[in-house]
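The shown structure was predicted, so the numbers you read here are calculated from the model rather than taken from an experiment. Values reported hereafter were calculated over all heavy atoms of this structure, with side chains retained and with hydrogens, waters and symmetry mates removed. Residue numbering restarts at 1 for every chain, and letters A, B, ... go by the order of the sequence lines.
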Protein chains: 2
Amino acid sequence: MSRSLVSKNSKSVSNVKPADVRPEKNDCPQLKLAPRDRIVSTACELFRQHGIRGIGVDAIAEAADTNKMTLYRHFGSKDDLICETLRFKSEQASAFWDELEAQHPNDPLARLHGWVKARAQCLADNQYGCDLANAAVELKEQGHPAHAVIETFKLAQRRRLEALCRDVGVSEPELLSDTLSMLMEGAQVSKLATGSEGPSMRFLRACEAAIASFCQPAATP
Amino acid sequence: MSRSLVSKNSKSVSNVKPADVRPEKNDCPQLKLAPRDRIVSTACELFRQHGIRGIGVDAIAEAADTNKMTLYRHFGSKDDLICETLRFKSEQASAFWDELEAQHPNDPLARLHGWVKARAQCLADNQYGCDLANAAVELKEQGHPAHAVIETFKLAQRRRLEALCRDVGVSEPELLSDTLSMLMEGAQVSKLATGSEGPSMRFLRACEAAIASFCQPAATP
DNA sequence: CATGGGTGTGACCGGTCGGTAACTATACGG
DNA sequence: CCGTATAGTTACCGACCGGTCACACCCATG
């Protein structure tokens, strides 16, 4: 008598059909952006909601209020589109850093706390984690062009955070920077896996504690 | 003149065909375990390598040196199999905790450091991160039975780590526990996204620094 | 030797995938 | 007003997906 001979016909792993997406077509009318831009931003959203492998090009095109042919005229393949959406997200993140710098000029510590606060807010706002990191998890085929985009993005983020920690004048800026990076990345995936009542609920306090401990003259006795 | 009209016919998002997997069939002969167990452990490995959506039931069955019918006689659906592999991994993790307890009886602090060291080793050894967390990232369909398995697992892990921190007698055990959880989760996905030269390279030091700072009477001035 | 449960085989199903072809409709700049 | 470029439409392709069927097989137990 073997175990688990139950629950047939679930189908929940299969992709999302165009019909499931259509109702959201006009949620963000995007006021007649160029088709290409509509496709990119729609793909961003659908990749994030359903996963890269979980949504088809047909559904993306339809949700973007266009069609597959037009999509393929702008992007040679789905992989191309994936890379483009990741680059798009990269640029948004880069803009966030510029904004942060503008908000707290000449005050690195305020910038660092601003960073933590913004990340915590972002964590609370969306339930899908970092698109770039999720893509890295989802796309296992090594050599996939997306990996280069992801790595470039993560490297840039790391550099900026490390530079910020250095500007604050903290002891061991690389260690603090990488600690904060891991806390952030971990908070996002943890929220996906465990829900908002999991470890991620203490993300902000964990970051502040880490920063405080590195601002002390030395944490070792 | 629009951008990126290049690179057609990549296909790298498509699933792995049985033929691609067959050569590895005998890598781990598993010495004629029962078909059911061969399927579970093979599925574990292939899910981890290719992602849950990236491998088909046919390929799993073939790699397990059996066939699709037998697979479906033991597991009513692919989703069933997914859940079973996640439960399998959960049990392995649970066994790891027991082992840890046996290695350092009556010495919570050694146990905590042992945990960090083991996690760091695991991080160095495998390149695929936490299977349960990866599944959470990959399976966006809410209501998927795997989510319950994942949540149960993560909850158990969190409880054990928090109990350990409490036993150590640290200040704010929940905060340290969740900090370590996030560091670990973050290190794994960061390694996937950024590679082994990214933030994850400082995972061990980050953990030790966190523990040290919580062992101080107080980190706040 | 029979019988019956677990296993292997191969064909098959409807559906979706990523991607393409051929043709039409629209917009815009000269 | 025409030519060109872009966008929309429909149908199609081969491949693969998760899942099922009927049937032969093996082998232990009675």
S.K.: Expressed in angstrom and rounded to an integer, what is the separation of I60(B) atom CD1 from dC16(D) atom P?
M.R.: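 Rounded to whole Å, this separation is 16 Å.
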S.K.: In whole Å, what is the span from the NE2 atom of H50(B) to the P atom of dC17(D)?
M.R.: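 Rounding to the nearest Å, NE2 of H50(B) and P of dC17(D) are 12 Å apart.
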S.K.: Check the phosphate of dG8(C) against T70(B), side-chain N and O only, distance under 4.0 Å to OP1 or OP2. Yes or no?
M.R.: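 For T70(B), the contact criterion (side-chain N or O under 4.0 Å from OP1 or OP2 of dG8(C)) is met.
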S.K.: Classify the side-chain pair S181(A)/D178(A) by whether it contains a donor and acceptor separated by less than 3.5 Å.
M.R.: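 No, no side-chain donor-acceptor pair sits under 3.5 Å.
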S.K.: Quick one: which protein N/O atoms are closer than 3.5 Å to N/O atoms of nucleotides 21-27 of chain D? Pair and distance per line, please.
M.R.:
none

S.K.: Rounding to an integer number of Å, can you tell me how far N67(A) CG sits from dG19(C) P?
M.R.: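 Taking atom P of dG19(C) as the reference, CG of N67(A) is at 16 Å.
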S.K.: Closest to the P35(A) side chain: dG8(D), dG18(D), dA7(D)?
M.R.: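 The nucleotide sitting nearest to the side chain is dA7(D).
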S.K.: Separation of R53(A) atom CZ from dC17(C) atom P, in whole Å?
M.R.: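 For the pair R53(A) CZ and dC17(C) P, the rounded distance is 14 Å.
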S.K.: Rounded off to whole Å, could you give me the CG-to-P distance for the D37(A) and dT6(D) pair?
M.R.: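 From D37(A) CG to dT6(D) P: 15 Å.
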S.K.: Minimum heavy-atom separation for L46(B) to I60(B), with atom names?
M.R.: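 In this case the closest contact between L46(B) and I60(B) is CD1-CA, 3.9 Å.
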S.K.: Answer yes or no: does a side-chain N or O of H74(A) lie under 4.0 Å from OP1 or OP2 of dT6(D)?
M.R.: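 Answer is no, no contact under 4.0 Å.
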S.K.: Between atom CG in L33(B) and atom P in dG6(C), what is the gap in whole Å?
M.R.: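 After rounding, the gap between these two atoms is 18 Å.
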S.K.: Hey, what do you get for CG (L139(B)) to NE2 (H144(B)), rounding to the nearest 0.5 Å?
M.R.: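 Going from CG on L139(B) over to NE2 on H144(B), the span is 5.0 Å.
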S.K.: What are the two closest non-hydrogen atoms of A193(B) and I150(A), and how far apart are they?
M.R.: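 A193(B) and I150(A) have their closest heavy atoms at O-CG2, 3.7 Å.
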S.K.: Could you tell me whether the side chain of L161(B) reaches within less than 4.5 Å of the side chain of W97(B), counting heavy atoms only?
M.R.: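 Yes, their side chains come closer than 4.5 Å.
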S.K.: Give, for atom CG of L183(B) and atom CG of L123(B), the distance between the pair rounded to the nearest 0.5 Å.
M.R.: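 One finds 11.0 Å between CG of L183(B) and CG of L123(B).
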S.K.: Can you check the I39(B) CD1 to dG6(C) P distance for me, whole Å?
M.R.: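 For the pair I39(B) CD1 and dG6(C) P, the rounded distance is 14 Å.
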S.K.: Any side-chain N or O of T66(B) under 4.0 Å from OP1/OP2 of dG8(C)?
M.R.: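 T66(B) to dG8(C) OP1/OP2: side-chain N or O found under 4.0 Å.
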S.K.: Between R158(B) and E185(B), does a salt bridge (charged side-chain N to carboxylate O under 4.0 Å, His left out) hold up when you go through it step by step?
M.R.: CA-CA 12 Å; R158(B) 194 185 182 204; E185(B) 215 86 79; over 6 Å; no
S.K.: Rounding to an integer number of Å, can you tell me how far K78(B) NZ sits from dG15(C) C1'?
M.R.: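 Taking NZ of K78(B) and C1' of dG15(C), I get 15 Å after rounding.
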S.K.: Nearest to the side chain of K68(B), which nucleotide is it out of dG18(D), dG8(D), dT7(C)?
M.R.: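 Nucleotide nearest to K68(B)'s side chain: dG18(D).
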